[in-house]
Undergrad: 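Take a look at the following structure, please.
The sequence lines fix the lettering, A, B, ..., with proteins before strands; numbering per chain opens at 1.
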There are 2 protein chains.
Amino acid sequence: MRERPKIKDIAERAGVSVATVSRALSDSPLVTTETRQRIHDLARELNYRPNVSARSLRTRRAMSVLLVVRDVGNPFYLDILKGVEATAREAGYSVLMGNTENDPARETEYFNMLRDGHADGMILMTGKLPPAGGGWTGGLARLPVVVALEIIEGAGLPHVQVDNADAAREAVEHLISLGHRRIAHISGPLPELMSLHRREGYRQAMRDAGLDVPDTYEVRGDFLLESGQECCRKLFSLREPPTALFVANDEMAYGAAYELRRMGRDVPGDVSVVGFDDLYLSKAFYPPLTTVGQPRAEIGHAAMGLLLDILSGAEIDCDEPIILPTVLHIRGSTAPPRG
Amino acid sequence: MRERPKIKDIAERAGVSVATVSRALSDSPLVTTETRQRIHDLARELNYRPNVSARSLRTRRAMSVLLVVRDVGNPFYLDILKGVEATAREAGYSVLMGNTENDPARETEYFNMLRDGHADGMILMTGKLPPAGGGWTGGLARLPVVVALEIIEGAGLPHVQVDNADAAREAVEHLISLGHRRIAHISGPLPELMSLHRREGYRQAMRDAGLDVPDTYEVRGDFLLESGQECCRKLFSLREPPTALFVANDEMAYGAAYELRRMGRDVPGDVSVVGFDDLYLSKAFYPPLTTVGQPRAEIGHAAMGLLLDILSGAEIDCDEPIILPTVLHIRGSTAPPRG
DNA sequence: CCAGAAAATGTAATCGATTTCAATGACGCT
DNA sequence: AGCGTCATTGAAATCGATTACATTTTCTGG
């Protein structure tokens with residue numbers, strides 16, 4: 001058998017019809033235990049594997065889901081992917097990764113993969129929907145899509161997320177409790193909701209402590225390393241530079257810490273830095289980064305679980321997002337202000 | 001048209017047969033320019049997209065390739081992925097990412113996806129073949145698989161790689177030229193060829209300089225952060241610890257640098273550290289890491305190009321690997337030895 | 001030992017596209 | 001007008017599985 005065997009080959013060899021083979025292989029109770037066993041053995045012997053195209057054409061199910069992120073290279077997504085994969089695997093689904101690089105064309109493309117039958121559902125972690133007009137405007141709420149990490153308002157999609165505002169507030173309160181008064185914030189891209197919420201948490205902590213936030217203390221980044229450096233330069237060219245930074249993600253925090261060292265300022269001696277995400281390098285960073293940890297595997301697990309529910313036809317309440325808890329990891333990059 | 005339109009819907013609306021529609025949509029010269037235009041318009045209007053399962057069932061082509069890595073979370077793979085994707089996209093292929101976590105079961109699974117028709121070809125970056133006996137022993141050379149980064153001997157597969165030994169030699173020569181004599185090596189997992197080659201480069205540079213390499217100066221890691229710390233502890237509990245480390249990848253180098261700081265040794269004041277890979281965080285690391293950079297996008301580009309050649313039926317000479325050049329980035333983690 | 005229900009299997013339709021082969025129509029040429 | 005040629009188009013087979021429906025076999029009770 002040089003060619004890839006098909007169900008017909010097994011049927012001929014076993015002396016039964018293709019229907020019986022199909023039923024036997026899917027462990028249908030309609031076939032005798034003996035024939036089922038015989039067919040299973042034969043399938044293994046021939047090293048048979050069903051053709052996925054044929055199967056999903058007929059069943060209208062691809063048995064795979066799409067996990068769409070901004071940037072696969074971001075180590076942050078790894079644990080989420082693992083959580084998703086483990087849950088998907090249990091249910092017999094495989095996971096396809098999609099990488100958008102914030103490119104709207106690619107975002108639309110992944111949505112199209114849903115329609116093409118490439119995948120049955122999608123976990124969206126880009127914070128964006130494809131631009132309207134591409135045929136997606138209506139009926140989006142009926143698509144098997146779960147939004148994780150990010151927030152997309154008004155689309156009627158189910159969400160799995162953390163309380164960004166609350167986590168940010170906790171992080172800033174940590175800085176305040178160390179004695180810092182002049183605390184600046186490097187935010188993510190605006191007006192994305194995730195960035196807005198983290199900024200809101202920062203503002204609230206400051207307000208609660210009766211601290212002033214001059215406009216110049218809020219600078220906007222884009223979550224990338226270089227942007228952390230750049231924002232940091234801006235903040236430290238101010239007349240009254242901050243003594244602590246709350247940075248909206250770890251990657252920018254790395255950039256900021258690097259830039260501070262370049263400017264001859266010690267972290268945490270001169271400036272304290274808090275990040276957000278707890279990338280796995282953050283504890284090996286110098287100094288080890290104080291940062292907000294998210295339950296990544298659980299996020300993946302919850303999102304995939306929700307998607308499976310939807311795929312099995314359950315009605316999901318989209319107004320009640322699943323909120324998972326964060327943990328503030330206090331490490332070496334924060335200390336009381338000098339003097 | 002609430003349902004997803006099929007080719008038949010277009011055919012009815014256009015008053016032609018499905019055959020004509022299929023031909024028109026694939027821009028076959030067999031249809032008049034007018035009907036072709038009319039059908040294209042109609043397709044856009046109905047927002048038609050062909051069902052991939054049906055198409056690939058008939059054409060026996062999935063128009064997608066598999067990119068299999070040890071660990072998607074490793075930022076190292078990002079640029080390679082980008083190179084692969086760009087090249088694939090041009091040729092109309094999409095890229096599916098596979099993540100093995102060094103789990104043989106999952107490695108086999110991705111190979112099976114090839115047979116299932118999920119993908120047409122595969123770029124393998126795990127350095128391993130699935131265990132024999134699963135029906136893969138014979139005919140592997142005929143599978144559309146390209147090995148990138150890693151090396152798999154004797155399988156008759158085409159390779160895209162860098163000259164690991166030469167790059168390692170260059171890195172170690174840099175340390176020697178700074179005046180170091182006691183240079184230790186933290187290797188990758190053995191007996192993987194990539195690790196062996198990097199170690200070989202280290203040994204050769206030492207030999208060429210007439211330097212001794214005690215057995216205790218070669219410790220084996222597994223490419224992960226923690227292993228870098230651990231190996232570092234071993235080396236610095238020696239009677240005569242090294243003054244410089246050549247570490248087989250950046251991630252372990254991070255771990256080693258972290259551990260050195262914990263032990264109160266300055267990098268590069270007390271100990272110089274050289275890594276391998278040039279992760280994008282390496283330049284923001286403290287101190288910025290001296291490391292060997294690989295042409296990642298080009299590796300992805302070359303591997304996908306090779307795969308496309310194979311898929312279009314070209315005969316590939318597997319004995320002549322494609323070798324791409326490396327660059328040693330000299331940064332702040334290396335300096336002359338103290339005194 | 002037979003009617004009839006239940007269990008096991010087979011036949012053929014089906015999923016939605018591509019493609020082979022046949023049929024049609026338009027056109028030029030004698 | 002008649003015929004061959006070429007350009008278009010259509011009808012139907014095909015890819016490899018699943019499954020509705022039909023059929024055969026087995027079992028049960030009377």
Undergrad: Heavy-atom nearest nucleotide on DNA chain D for B:Ser17 versus A:Pro50: which residue maps closer to 5'?
TA: B:Ser17
Undergrad: Can you tell me the distance, in whole Å, between the CG atom of B:Asp9 and the P atom of C:dC15?
TA: 12 Å
Undergrad: Give the rounded distance in Å between these two atoms: NE2 of B:His118 and P of D:dG16.
TA: 17 Å
Undergrad: Is any side-chain N of the basic residue among A:Lys82 and A:Glu298 closer than 4.0 Å to the acidic one's carboxylate O?
TA: no
Undergrad: So A:Leu307 and A:Val65, do their side chains get closer than 4.5 Å, heavy atoms only?
TA: yes
Undergrad: What's the NZ-C1' distance between A:Lys8 and C:dG10, to the nearest Å?
TA: 15 Å
Undergrad: Taking atom P of C:dA8 as reference, at what distance in whole Å does atom CD of A:Glu34 sit?
TA: 9 Å
Undergrad: Rounded to the nearest Å, what distance is computed from the CG atom of residue B:Leu30 to the P atom of nucleotide D:dG10?
TA: 13 Å
Undergrad: Does NE2 belonging to B:His301 count more than 12 external heavy atoms closer than 6.0 Å?
TA: no
Undergrad: Counting side-chain heavy atoms from C-beta on, which of C:dA17, C:dT9, D:dG16 comes nearest to A:Thr35?
TA: C:dT9
Undergrad: Nearest to the A:Val18 side chain among C:dT19, D:dT18, D:dG10, which nucleotide is it?
TA: D:dT18
Undergrad: Touch check for A:Val16, heavy atoms < 4.0 angstrom, all strands: base, sugar-phosphate only, or nothing?
TA: sugar-phosphate
Undergrad: Heavy atoms, side chains only, cut-off 4.5 Å: are A:Lys6 and A:Val18 in contact?
TA: no
Undergrad: Between A:Arg70 and A:Glu107, is there a salt bridge with N-O shorter than 4.0 Å?
TA: no
Undergrad: Quick one: is D:dA17 close enough that its OP1 or OP2 comes under 4.0 Å of any side-chain N or O from A:Ser22?
TA: no
Undergrad: Please list, by residue number, the residues of residues 54-65 of chain A whose heavy atoms come closer than 4.0 Å to an atom of DNA chain C; answer none if no residue qualifies.
TA: A:Leu57, A:Arg58, A:Arg60
Undergrad: Say whether, by atom type as modelled, one donor and one acceptor occur between the side chain of A:Ser22 and the main chain of A:Ala19 under 3.5 angstrom.
TA: no
Undergrad: Would you mind reading off the distance between B:Arg36 atom CZ and D:dT8 atom C1', rounded to a whole angstrom?
TA: 12 Å
Undergrad: Please give, in whole Å, the distance from D:dT14 C1' to B:Asn51 CG?
TA: 16 Å
Undergrad: As a test of reading the structure: which of C:dT20, C:dT9, D:dT18 is closest to the side chain of B:Arg23, going by heavy atoms?
TA: C:dT20
Undergrad: About how many Å separate CD1 of B:Ile10 and CZ of B:Arg44, when rounded to the nearest 0.5 Å?
TA: 11.0 Å
Undergrad: Looking only at side-chain N and O atoms, does A:Tyr48 come under 4.0 Å of OP1 or OP2 in D:dA17?
TA: yes
Undergrad: Starting the side chain at C-beta, find the nucleotide from D:dA11, C:dA17, C:dT9 nearest to A:Thr32.
TA: C:dT9
Undergrad: Just compare C:dG10, D:dG10, D:dT18 and give me whichever is closest to any side-chain atom of B:Thr20.
TA: D:dG10
Undergrad: When the distance from CZ of B:Arg49 to C1' of C:dG16 is rounded to whole Å, what number comes out?
TA: 15 Å
